[in-house]
Protein chains: 2
Amino acid sequence: MRGRPTIFKEQELLEKAQHIFWEKGYTATSLEDLLNAMKIGSGSFYNTFKGGKKELFSRAIQQRREAFAEFKAIVDASTAPLQVIKDFYRSLAHADKQTHLQGCLIANTVTEMTFVDQSLEEEAVRVLKEVEQMYINVIEKAQRDGTMKNKTSAEILGRYLITFWCGFNVTRRMYPDNAILKAQIEMQLSVLS
Amino acid sequence: MRGRPTIFKEQELLEKAQHIFWEKGYTATSLEDLLNAMKIGSGSFYNTFKGGKKELFSRAIQQRREAFAEFKAIVDASTAPLQVIKDFYRSLAHADKQTHLQGCLIANTVTEMTFVDQSLEEEAVRVLKEVEQMYINVIEKAQRDGTMKNKTSAEILGRYLITFWCGFNVTRRMYPDNAILKAQIEMQLSVLS
DNA sequence: ACATTTTTGTAGTAATCAATACAAAATAAA
DNA sequence: TTTATTTTGTATTGATTACTACAAAAATGT
């Protein structure tokens with residue numbers, strides 16, 4: 001291949017952009033913010049991301065979806081998948097303040113974009129539904145093999161978990177305090193006993 | 001009083017502005033959007049709201065806080081306050097699609113403003129904490145008088161309810177379907193038995 | 001060395017942003 | 001009727017928005 005070589009890696013650009021979007025959302029993030037974070041000029045930017053700001057945001061969501069897929073692979077490979085999920089929630093009580101305040105990029109996007117950009121909102125909803133479906137599958141299995149005693153339908157319990165996730169990402173902004181959050185998580189998980 | 005009379009009522013302006021902010025959030029709502037909705041010119045607008053767009057948004061939040069205060073008055077006057085709260089949650093399963101998609105102005109604001117405008121975010125967090133405190137008081141009382149058997153600390157159960165509220169406002173955007181939401185609400189409320 | 005291809009950096013675009021300036025309009029008090 | 005006061009509508013501000021045009025720079029292949 002010939003031509004002037006790129007001085008950045010696309011993946012690294014994406015991660016820096018994702019961080020800004022995660023904090024400020026789509027609308028409040030300006031192109032200037034993004035270019036400063038990525039440390040590239042607008043020439044390179046539009047050369048790399050032909051779809052502009054919206055494509056970049058969409059890619060940030062998809063990158064988050066990829067992170068979920070990696071987690072799902074661990075869950076699927078586990079002999080105690082429900083335990084893996086519970087451990088994930090418990091691990092939230094060890095996060096730092098910045099992480100608490102950022103919340104969840106996907107849930108943030110659903111909230112921000114419903115009446116702003118339908119396609120981006122739908123993209124985010126799809127990811128949440130994928131997570132929910134994984135919860136449902138794991139709970140169904142745990143109910144069959146007796147790991148879980150609660151006989152409420154897996155669908156409703158899975159929805160309970162994703163509702164908890166979305167709610168928790170507001171709660172942790174109200175109380176970015178791991179002691180408080182730990183107690184909250186334990187109570188909420190006890191429903192899945 | 002002398003001078004040219006106003007042709008609008010401030011309260012009505014506020015309600016129209018609140019509706020736009022509720023749908024699109026603070027940043028994505030332009031002054032043009034607001035003036036179109038209020039049907040006034042920028043002259044009248046800045047004459048009425050000296051603090052501009054931000055004051056208007058703050059007033060919209062405070063108006064929402066006022067709506068909560070009215071609900072709280074009903075709760076405080078009731079002999080079965082926990083039942084009033086549960087009924088409120090059950091009533092959410094009878095809302096229309098638009099209402100589901102709008103979610104909660106206060107929760108939306110916490111999500112949007114954390115890294116955009118600290119003072120507006122704090123204002124919204126304060127309202128959520130007020131609601132939470134009301135939940136805690138009511139639960140404490142219900143535990144004392146035996147209405148509620150669950151002995152988990154009222155603080156954690158109150159936090160459970162506000163977490164549910166915030167999460168539910170995402171869930172209802174994923175599934176603006178009253179049959180689904182009704183089943184979800186019943187399961188979540190059963191924790192408070 | 002030279003031609004070709006691609007990226008980079010910069011200058012500039014039109015559109016929109018929130019907010020102002022200010023004169024005309026519309027009232028009440030004197 | 002005149003004067004004082006306030007609101008309204010419009011024109012305009014400077015800043016910022018996302019995005020583009022394009023020449024210089026930097027590489028490879030011949």
Side-chain angles (χ1 to χ4, degrees), chain A residues 1-14 16-61 109 112-113 115-120, chain B residues 1-14 16-61 109 112-113 115-121 123:
Chain A
M1 213 233 284
R2 74 178 147 183
R4 183 169 172 174
T6 55
I7 55 166
F8 55 79
K9 292 172 188 162
E10 206 173 301
Q11 180 61 24
E12 287 172 9
L13 290 192
L14 212 47
K16 285 168 184 165
Q18 187 192 55
H19 179 254
I20 309 293
F21 279 137
W22 202 329
E23 282 190 349
K24 311 219 304 177
Y26 180 77
T27 314
T29 299
S30 70
L31 221 67
E32 202 191 354
D33 291 336
L34 293 166
L35 297 178
N36 287 342
M38 298 178 171
K39 280 165 181 151
I40 58 171
S42 58
S44 305
F45 172 69
Y46 284 101
N47 195 39
T48 311
F49 305 98
K50 301 280 192 301
K53 186 185 174 186
K54 185 168 168 176
E55 184 198 329
L56 191 62
F57 190 81
S58 173
R59 298 273 295 271
I61 291 178
T109 302
E112 180 188 357
M113 302 311 270
F115 290 91
V116 175
D117 188 300
Q118 203 188 347
S119 67
L120 289 176
Chain B
M1 211 233 286
R2 73 178 149 184
R4 183 170 172 172
T6 56
I7 55 168
F8 52 79
K9 291 172 190 164
E10 206 172 301
Q11 180 61 24
E12 286 170 11
L13 290 191
L14 212 47
K16 286 168 184 166
Q18 187 192 54
H19 179 254
I20 309 292
F21 279 137
W22 201 330
E23 282 191 349
K24 312 220 303 178
Y26 180 77
T27 314
T29 298
S30 70
L31 221 67
E32 203 192 355
D33 291 336
L34 293 167
L35 297 179
N36 288 342
M38 297 178 172
K39 280 166 180 147
I40 58 170
S42 59
S44 304
F45 172 70
Y46 284 99
N47 195 40
T48 311
F49 304 98
K50 301 280 192 302
K53 187 185 173 186
K54 184 168 168 177
E55 184 197 330
L56 190 61
F57 190 81
S58 174
R59 298 273 295 270
I61 291 178
T109 301
E112 180 188 356
M113 303 310 271
F115 290 91
V116 175
D117 188 300
Q118 204 188 346
S119 66
L120 288 176
E121 192 249 359
E123 216 175 310

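Below, read A as the first sequence line, B as the second, and so on, with proteins coming before strands; counting in each chain starts at 1.
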B/S/- contact track for nucleotides 7-14 of chain C, protein heavy atom under 4.0 Å: BBBBB---

Residue list, ring-ring contact (aromatic ring centres under 6.0 Å, His included) with B/Phe57, at least two apart or on another chain: B/Phe21, B/Tyr26

Set of salt bridge (Lys or Arg N to Asp or Glu O under 4.0 Å) partners for B/Lys24, sequence neighbours left out: B/Asp33

Bending between helix ends of the helix from C/dA1-D/dT30 to C/dA30-D/dT1 [5 pairs per end, 10° resolution]: 0°

Atom-pair distance (NZ on B/Lys50; P on C/dT20), nearest Å: 11 Å

For the student: nearest non-hydrogen atoms of B/Ala60 and B/Leu14, plus distance: N-CD1, 4.5 Å

Between the protein and nucleotides 12-14 of chain D, which nitrogen or oxygen pairs are less than 3.5 angstrom apart?
none

Residues in side chain to side chain donor-acceptor pair (under 3.5 Å) contact with B/Ser58, at least two apart in sequence or another chain: B/Glu123

Minimum heavy-atom distance A/Leu120-A/Ile61, with the two atoms named: O-CD1, 4.2 Å

Contact under 4.0 Å: A/Tyr46 side-chain N or O vs D/dT20 OP1/OP2: no

A/Thr48 to A/Ser44 - nearest heavy-atom pair and separation: OG1-O, 2.7 Å

With B/Glu32 via salt bridge (Lys or Arg N to Asp or Glu O under 4.0 Å) - residues at least two apart: none

Atom pair distance, as rounded to whole Å: CG in A/Leu35 and P in D/dT16: 15 Å

Partners meeting salt bridge (Lys or Arg N to Asp or Glu O under 4.0 Å) with A/Lys16 (sequence neighbours left out): none

Separation of D/dT16 P from A/Leu34 CG (nearest whole Å): 17 Å

Rounded interatomic separation in angstrom, taking CG from B/Asp117 and P from C/dA18: 14 Å

Interatomic distance where NZ belongs to A/Lys54 and P belongs to D/dC19 [whole Å]: 11 Å

Partner residues of B/Lys54 under the salt bridge (Lys or Arg N to Asp or Glu O under 4.0 Å) criterion, sequence neighbours left out: B/Asp117

Non-hydrogen side-chain atoms of B/Phe115 and A/Thr29 separated by less than 4.5 Å: no

Proximity to DNA chain D (any heavy atom under 4.0 Å), residues of residues 21-33 of chain B only: none

A/Glu55 CD - D/dA18 P separation (whole Å): 16 Å

Partner set under ring-ring contact (aromatic ring centres under 6.0 Å, His included) for B/Phe45, not counting sequence neighbours: B/Phe49

Qualifying side chain to side chain donor-acceptor pair (under 3.5 Å) pairs, either residue in residues 3-13 of chain A, two or more places apart: A/Glu10-A/Arg59, A/Gln11-A/Glu15, A/Gln11-A/Gln63

For atom CE of B/Met38 and atom P of D/dT7, their distance in whole Å: 16 Å

Reported CG-to-CG distance for the pair A/Leu34 and A/Leu56, which is rounded to 0.5 angstrom: 5.5 Å

